[in-house]
K.L.:
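Input: one structure, supplied below.
Counting from 1, the numbers follow the sequence of the chain as shown.
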Amino acid sequence: MEMSGYQDISALEKSVANAGSQLYTMAHKLHAVERSLDQTAMEQMDEMEVMELLESMTEVKNEYQNLRKDIQEVQQLQRDVSTSIRYQMTNMQQTFQMLKKRIASTQQRRGHPRDQLPGPATVAAHPH
């Protein structure tokens, strides 16, 4: 499945936003766990508090794994976008060279020397 450059960039932006959101959620949960540990000494915790703490830690671990997966997806999308941009640049350069040759051959058939092709030096020397 080949996507256009704009779709790649859009998907990349969505993945980055999703990873950022998950990072915020994970940081918030981790901070809540740290707060509960600060407020309660381990020896004062009953079984229910320990279970809640373990559940919170499991959620943080799961969020971390999801975040890691999203970051890998973002990196893959970045590689895809880079590849797409390189391909488009190569394609544009080839098209430019082909058009340049076509213009030169058309001018030569009309009897115009190639030196008369308007280039940067010619345009700068003869401003309109």
K.L.:
Atom CD1 in Ile71, atom CD in Gln78: separation rounded to 0.5 Å?
P.N.:
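Result: 10.5 Å between the selected atoms.
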
K.L.:
Determine yes or no for a side-chain-to-main-chain donor-acceptor pair under 3.5 angstrom, with Thr58 supplying the side chain and Leu54 the backbone.
P.N.:
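Indeed, once roles are kept as given, a pair shorter than 3.5 Å links the two residues.
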
K.L.:
Among all residues two or more places apart in sequence or in another chain, which pass the side-chain hydrogen bond (donor to acceptor under 3.5 Å, both in side chains) test with Glu55?
P.N.:
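Scan of Glu55 (side-chain hydrogen bond (donor to acceptor under 3.5 Å, both in side chains), adjacent residues dropped) gives none.
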
K.L.:
Flag yes if Val81 and Met89 sit in one hydrophobic cluster, no otherwise; membership is Ile, Leu, Val, Met, Phe, Trp, Tyr, and two members link when side-chain heavy atoms are under 4.5 Å apart.
P.N.:
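Looking at the clustering, Met89 is in the same group as Val81.
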
K.L.:
Please report the interatomic distance CZ(Arg110) to OG(Ser105), rounded to the nearest 0.5 Å.
P.N.:
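It is 10.0 Å, given to the nearest 0.5 Å.
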
K.L.:
If you draw a 6.0 Å radius around CE in Met98, do more than 12 non-hydrogen atoms from other residues or ligands fall strictly inside?
P.N.:
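Correct, the count exceeds 12.
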
K.L.:
First locate atom CG of Leu67, then atom CD of Gln72, and finally report the distance between them rounded to the nearest 0.5 Å.
P.N.:
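The CD atom of Gln72 is 10.0 Å from CG of Leu67, to the nearest 0.5 Å.
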
K.L.:
Not counting sequence neighbours, list each pair that qualifies as a salt bridge (Lys or Arg N to Asp or Glu O under 4.0 Å) and has a residue in residues 59-77.
P.N.:
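For residues 59-77, and leaving out neighbouring residues, the salt bridge (Lys or Arg N to Asp or Glu O under 4.0 Å) pairs sorted by first residue read Lys29-Glu59, Lys29-Glu63.
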
K.L.:
List in chain and number order the residues that pass side-chain contact (heavy atoms from CB on, under 4.5 Å) with Gln94, two or more places apart in sequence or in another chain; answer none if no residue qualifies.
P.N.:
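Counting only residues at least two positions away or on another chain, Gln94 forms a side-chain contact (heavy atoms from CB on, under 4.5 Å) with Thr90, Asn91.
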
K.L.:
Please say which of Lys100, Met92, Gln93 ends up in a side chain to side chain contact (heavy atoms under 4.5 Å, CB included) with Phe96.
P.N.:
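The option that passes is Lys100.
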
K.L.:
Partners of Asn66 by side-chain contact (heavy atoms from CB on, under 4.5 Å), sequence neighbours excluded?
P.N.:
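Partners of Asn66 by the side-chain contact (heavy atoms from CB on, under 4.5 Å) criterion, ordered by chain and then number, come out as Gln22.
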
K.L.:
Run the numbers on Ser56 and Glu52 for side chain to side chain donor-acceptor pair (under 3.5 Å), then give the verdict.
P.N.:
CA-CA 6 Å; Ser56 294; Glu52 288 173 5; over 6 Å; no

